[in-house]
2 protein chains.
Amino acid sequence: MPVRTRRKNPRRAVATETAAHGHRRTRMDHAQELAEDYVELIDDLIQKCGEARAVDIARHLGVTHVTVTKSIARLQNEGLVTSAPYRSIFLTDKGRLLARRARERHRLVLDFLIALGVPRNDAEIDAEGIEHHISPRTLDAMKRFLKR
Amino acid sequence: MPVRTRRKNPRRAVATETAAHGHRRTRMDHAQELAEDYVELIDDLIQKCGEARAVDIARHLGVTHVTVTKSIARLQNEGLVTSAPYRSIFLTDKGRLLARRARERHRLVLDFLIALGVPRNDAEIDAEGIEHHISPRTLDAMKRFLKR
DNA sequence: AACAAATTGTAGTATATGCTATATTTTAGC
DNA sequence: GCTAAAATATAGCATATACTACAATTTGTT
Ligand SMILES: [Mn+2]
Ligand SMILES: [Mn+2]
Ligand SMILES: [Mn+2]
Ligand SMILES: [Mn+2]
């Protein structure tokens, strides 16, 4: 067990505001990323299957249908999707827009990782998490790398 | 409003298990990332200030000290830190190990983004989120890029 | 049309992370 | 040593995301 010394000299606040920035941004990214994954997947399902059903979303995300139902309710409140009881899920214009932007960024991140030399399987898994923390500046840098 | 058609032909389950993989991994990463950020910061504070106090952690992360207290309780349950009432926070051996690994990875991701041409400010913010979704394979690829 | 299977809804629960407001304790300055 | 400020603790609350268990509805097949 470590010795517990009492503090003696209150050090002046080390530059914290800048550090807090990054963490705040990450927390905001996380609040947004479920929405991005959902609308991207819903858009995919509609194109591939003709419609997006809760059960398919659940299987794709690896969660139960109950979790999907609750999340969809949140997305509906935010104006990203529409849904009616016992019916499949649709994207609003706003949702479709977010889906397209999310997919583009996702694809670019994936292509970038592969171009960097990451094995496809690992690249796919990592991209699923990384994609939500990419600022426009970093996206630009990845684009430049792909064009090199 | 979109037309709500009833489903006609239940499509066979599109390959879902592989897709679910990435999402499951991302959720696991998120469960781990608060721990990583905390122990890394605590290690920093101990080195720079001699000790890690809840109020400093709070300022660095941009949350209230109450949030820090609760999170520290969780980390203590997981054996990463020790704490006593009205005393500063210490890392266990396990916590120190995680902190060192997290910092190394964090630094590498940051260096990589900068080398890629991302402005330092954006790189610092993005790295804070990205670092937690980097598999060993991707880390290797980044190392190779830095050595190129 | 009736039945079984699939799908969706609902109730109740759990955990993690965040907050404000207030009480307590420690620290620092006099 | 007192006292005020700083730090920490505690109570109460809110939200997001996840689950199991069970009820209701829809769909596909006989
Ligand atoms: Mn994703
Ligand atoms: Mn870090
Ligand atoms: Mn981080
Ligand atoms: Mn993340």
Side-chain angles (χ1 to χ4, degrees), chain A residues 4-13 16 20 23-38 45 49-78 80-90 132, chain B residues 4-13 16 20 23-24 26-38 45 49-78 80-81 83-90 132:
Chain A
R4 289 188 179 80
T5 53
R6 299 190 174 198
R7 81 187 79 98
K8 300 272 172 50
N9 310 314
R11 80 234 41 70
R12 74 275 174 277
T16 56
H23 292 284
R24 274 193 241 266
R25 237 282 309 274
T26 300
R27 284 197 297 273
M28 278 171 37
D29 290 344
H30 284 160
Q32 180 73 0
E33 83 175 60
L34 180 132
E36 291 174 348
D37 284 339
Y38 268 73
L45 287 171
C49 309
E51 63 178 352
R53 296 165 63 183
V55 69
D56 290 327
I57 297 173
R59 271 195 286 261
H60 266 86
L61 298 181
V63 296
T64 66
H65 83 273
V66 184
T67 299
V68 171
T69 299
K70 277 202 187 161
S71 296
I72 291 296
R74 207 250 285 172
L75 300 186
Q76 191 163 21
N77 276 350
E78 291 174 12
L80 292 169
V81 308
T82 61
S83 72
Y86 295 101
R87 291 288 171 270
S88 65
I89 292 137
F90 297 86
H132 311 283
Chain B
R4 290 188 178 83
T5 53
R6 300 191 172 198
R7 81 187 77 99
K8 298 274 172 49
N9 309 314
R11 80 233 44 69
R12 73 274 173 277
T16 56
H23 292 284
R24 273 193 243 266
T26 301
R27 284 197 297 274
M28 280 170 37
D29 289 344
H30 285 160
Q32 179 72 1
E33 83 174 61
L34 181 133
E36 291 174 347
D37 285 338
Y38 267 73
L45 287 171
C49 308
E51 62 179 353
R53 297 165 64 184
V55 70
D56 290 327
I57 297 173
R59 270 195 287 260
H60 266 86
L61 298 181
V63 297
T64 66
H65 83 273
V66 184
T67 299
V68 171
T69 299
K70 276 199 190 169
S71 296
I72 291 296
R74 207 249 286 171
L75 299 186
Q76 191 162 22
N77 275 349
E78 291 173 12
L80 292 168
V81 308
S83 73
Y86 296 99
R87 290 288 173 271
S88 65
I89 294 137
F90 296 86
H132 310 283

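Proteins get letters first, then strands, A, B, ... in listed order; numbering begins at 1 in each. Because the structure is predicted, anything quoted here is derived from the model rather than measured.
- Separating the CZ atom of B:R53 from the P atom of D:dA9 is a distance of 11 Å, rounded to the nearest angstrom.
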Worked check of side-chain contact (heavy atoms from CB on, under 4.5 Å) between B:E51 and B:D56 = CA-CA 10 Å; B:E51 62 179 353; B:D56 290 327; over 6 Å; no
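- Taking only side-chain nitrogens and oxygens, B:R87 comes nearer than 4.0 Å to OP1 or OP2 of C:dT27.
- Screening A:I89, A:V68, A:L80 against A:Y38 for a side chain to side chain contact (heavy atoms under 4.5 Å, CB included) leaves a single residue, A:V68.
- As a whole-Å value, the separation of B:E51 CD from D:dT8 P is 8 Å.
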Test B:V63 against A:R27 for side-chain contact (heavy atoms from CB on, under 4.5 Å), laying out the working first.
-> CA-CA 11 Å; B:V63 297; A:R27 284 197 297 273; 3.6 Å; yes
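- Identified under the salt bridge (Lys or Arg N to Asp or Glu O under 4.0 Å) test for residues 61-70 of chain B, with sequence neighbours left out: none.
- A search for salt bridge (Lys or Arg N to Asp or Glu O under 4.0 Å) contacts involving A:E36 returns A:R105, not counting sequence neighbours.
- Evaluation of the side chain to side chain donor-acceptor pair (under 3.5 Å) rule for B:E78 yields B:R74 as partners, not counting sequence neighbours.
- To the nearest angstrom, C1' of D:dT17 lies 16 Å from CG of B:D29.
- The salt bridge (Lys or Arg N to Asp or Glu O under 4.0 Å) check on A:R25 picks up A:D29, B:D126, with sequence neighbours excluded.
- Atom pair A:R59:CZ and C:dA6:P shows a separation of 10 Å (rounding to whole Å applied).
- Residues that satisfy the side chain to side chain donor-acceptor pair (under 3.5 Å) test with B:T67, not counting sequence neighbours, are B:T64.
- Rounded to an integer number of Å, the gap from A:I57 CD1 to D:dA18 P is 13 Å.
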Which atoms of nucleotides 22-24 of chain D (N or O only) lie under 3.5 Å from a protein N or O atom, and what are those distances?
residue, atom, partner, partner atom, Å
D:dA24, N3, A:Y86, OH, 3.4

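- Which of C:dT7, C:dG9, D:dT8 sits closest to the side chain of A:T69 comes down to C:dG9.
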Do nucleotides 11-18 of chain C as a string where each nucleotide becomes B, S or -: B if the base has a protein heavy atom under 4.0 Å, S if just the sugar-phosphate does, - if no protein is that close.
-> BBB--SSB
